[in-house]
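Report on one structure; see the data block that follows.
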Amino acid sequence: FVGCNSLEKVEVAEENPAFLAQDGMLLSKDKSRLILYPAGKSDNSFTVPDSITAIEAYAFSGNGYLTSVEIPDTVQEIKEGAFAGCSSINSVRLPAGITAIPGSMFSDCSSLTSFELPATVTAVGDYAFYSCDKLTGMFVPDSVTEIGEKAFGFTADSQGNSSVLSGYTLTCSSKSKAYSYAQENGITAATTDFVINWVLVSCVIGGILLIALVLILLGVRKKKQLAAQQEDASAEPAQPEPEEPDPNYQRILEQDDSDE
């Protein structure tokens, strides 16, 4: 059905053992595979049914109406070119746990301005984001260890000649596969190393400041305790000095002793 841009819906005979139609889409009989979302179906947004576990190759290809698609976590596989040529799409919510962006998945998505690669993705196929001319860059996590030919940052002119998108930047660490890809293809790479190092330095400085604050508070507490002890000592009543015996009384006692 690739190139059937005016196709608005699909109809399937009820007795068909392999396929069925649902809301104009073509699904497998058990509703686990989305085979075709017609290019002429004019809805602006779409949420893939929870029963779907796989989106087949070029399932949404060529639809110029969709601007956003929500893919539930039940989807475990998305095949090649699933959204190729979806010229209006600018938002796609991928399922959690997805590990691969297949070849040409978003090629020629000319309205796509931003895209977040999940940290679970390990492979990006050939031409995955080819000719996404409004996509000026992307953050590629270190989890990505395989990048196909012209997966990021390339476009084509009217004669089909490929070139690097002007101003395109890949943000990645200097030890990542994405950095090597950028270097090999003449694409600007903005490394996250400084950011990571600054975070570490900030944590160390924060720890030192916290320790210093604790020591200061302990010192203040100790001073208060000493001051309280000194106040308690100064508040104790003075002991009376012993009185000197009366000399006349002492003489009388001595005289009585001698009379006896």
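Nothing here was measured: the structure is a model prediction, and the numbers come from that model.
- Under 3.5 Å, the side chains of D142 and S173 contain a donor-acceptor pair of N or O atoms.
- If you take CD1 on I216 and CD1 on I211, they are separated by 12.0 Å, rounding to the nearest 0.5 Å.
- In this structure the side chain of F46 never reaches within 4.5 angstrom of the side chain of T67, judged on heavy atoms.
- Scored by the salt bridge (Lys or Arg N to Asp or Glu O under 4.0 Å) test, K41 finds D43 as partners (sequence neighbours excluded).
- Residues A119 and P141 share a closest heavy-atom pair of CA-CG, 4.2 Å.
- Remark: T120 engages I98, P118 in a side chain to side chain contact (heavy atoms under 4.5 Å, CB included) (not counting sequence neighbours).
- Inter-residue side-chain proximity for V164 and F152 is flagged as unmet; no heavy-atom pair is nearer than 4.5 Å.
- A distance of 8.0 Å separates CG in L170 from CE in M138, rounded to the nearest 0.5 Å.
- When all heavy atoms are compared, the tightest approach of S131 to A156 is OG-N, 3.4 Å.
- Side-chain contact between I101 and L117: present, with at least one pair of heavy atoms (C-beta onward) separated by less than 4.5 Å.
- The side chain to side chain contact (heavy atoms under 4.5 Å, CB included) check on V12 picks up V10, N16, F19, A21, L26, with sequence neighbours excluded.
- Within the structure, the salt bridge (Lys or Arg N to Asp or Glu O under 4.0 Å) test picks out no pair touching residues 151-173 (sequence neighbours left out).
- Considering every non-hydrogen atom in both N90 and S111, the closest pair reads CB-O, 3.6 Å.
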Output side-chain donor-acceptor pairs under 3.5 Å for residues 68-78, partner residues at least two apart or in another chain, one line each.
unit_1: D73; atom_1: OD1; unit_2: R93; atom_2: NH1; d: 2.9
unit_1: D73; atom_1: OD1; unit_2: R93; atom_2: NH2; d: 3.2
unit_1: D73; atom_1: OD1; unit_2: A96; atom_2: N; d: 2.8
unit_1: T74; atom_1: OG1; unit_2: D50; atom_2: O; d: 2.9
unit_1: T74; atom_1: OG1; unit_2: I52; atom_2: O; d: 3.2

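- To the nearest 0.5 Å, atoms CG (L66) and OH (Y37) are separated by 4.0 Å.
- Hydrophobic clustering, with ILVMFWY side chains joined whenever heavy atoms are under 4.5 angstrom apart, groups L135 together with L165.
- Rounding to the nearest 0.5 angstrom, the gap separating the CE atom in M25 from the CG atom in L34 is 5.5 Å.
- A 4.5 Å side-chain heavy-atom check between F129 and M105 finds every atom pair outside the cut-off.
- Scored by the side chain to side chain contact (heavy atoms under 4.5 Å, CB included) test, A39 finds N5 as partners (sequence neighbours excluded).
- Between the side chain of N185 and the backbone N or O of I187 there is no donor-acceptor pair closer than 3.5 Å.
- Taking the side chain to side chain contact (heavy atoms under 4.5 Å, CB included) definition, one finds that K150 meets it with Y127, Y130, F154, S162, sequence neighbours left out.
- Annotation for Y65: atom OH does not count as buried by contact number, only 12 or fewer foreign heavy atoms lying within 6.0 Å.
- Between L20 and K29, the shortest heavy-atom distance links the atoms CD2-O, 3.2 Å.
- Of all non-hydrogen atoms in S104 and A84, the two that sit nearest each other are O-CB, 3.5 Å.
- Note on Y58 and L94: separate hydrophobic clusters, where clusters join Ile, Leu, Val, Met, Phe, Trp and Tyr whose side-chain heavy atoms are under 4.5 Å apart, directly or indirectly.
- Scanning for side chain to side chain donor-acceptor pair (under 3.5 Å) contacts around T171 gives an empty result, with sequence neighbours left out.
- D133 contributes no side-chain N or O that, together with a main-chain N or O of T155, makes up a donor-acceptor pair within less than 3.5 Å.
- Residues S87 and S110 come closest through the heavy atom pair O-OG, 3.4 Å.
- In this structure K9 satisfies the salt bridge (Lys or Arg N to Asp or Glu O under 4.0 Å) test together with E11, sequence neighbours excluded.
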Discussion item. If you apply the rule side chain to side chain contact (heavy atoms under 4.5 Å, CB included), what do you find for L27 with I35, and how did you get there?
Written reply: CA-CA 5 Å; L27 309 180; I35 299 167; 5.9 Å; no

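- Sorted by first and then second residue, the ring pair (Phe, Tyr, Trp, His ring centres under 6.0 Å) pairs involving residues 70-92 (not counting sequence neighbours) are F60-F83, F83-F106.
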Fill in: Working for side chain to side chain contact (heavy atoms under 4.5 Å, CB included), residues Q22 and K31
CA-CA 9 Å; Q22 177 177 308; K31 298 183 179 182; 3.5 Å; yes

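- Between the OG atom in S107 and the CG atom in L112 there is a gap of 11.5 Å [rounded to 0.5 Å].
- For the pair S143 (side chain) and V121 (backbone), a donor-acceptor distance under 3.5 Å is present.
- Listed by chain and residue number, E56 satisfy the salt bridge (Lys or Arg N to Asp or Glu O under 4.0 Å) test with K79 (two or more places apart in sequence, or in another chain).
- In this structure, Q183 places its CD atom where more than 12 heavy-atom neighbours from other residues, nucleotides or ligands lie under 6.0 Å away.
- The distance from atom CG of N44 to atom OG of S88, rounded to the nearest 0.5 Å, is 8.0 Å.
- Counting only residues at least two apart or in different chains, salt bridge (Lys or Arg N to Asp or Glu O under 4.0 Å) contacts with residues 159-174 are absent.
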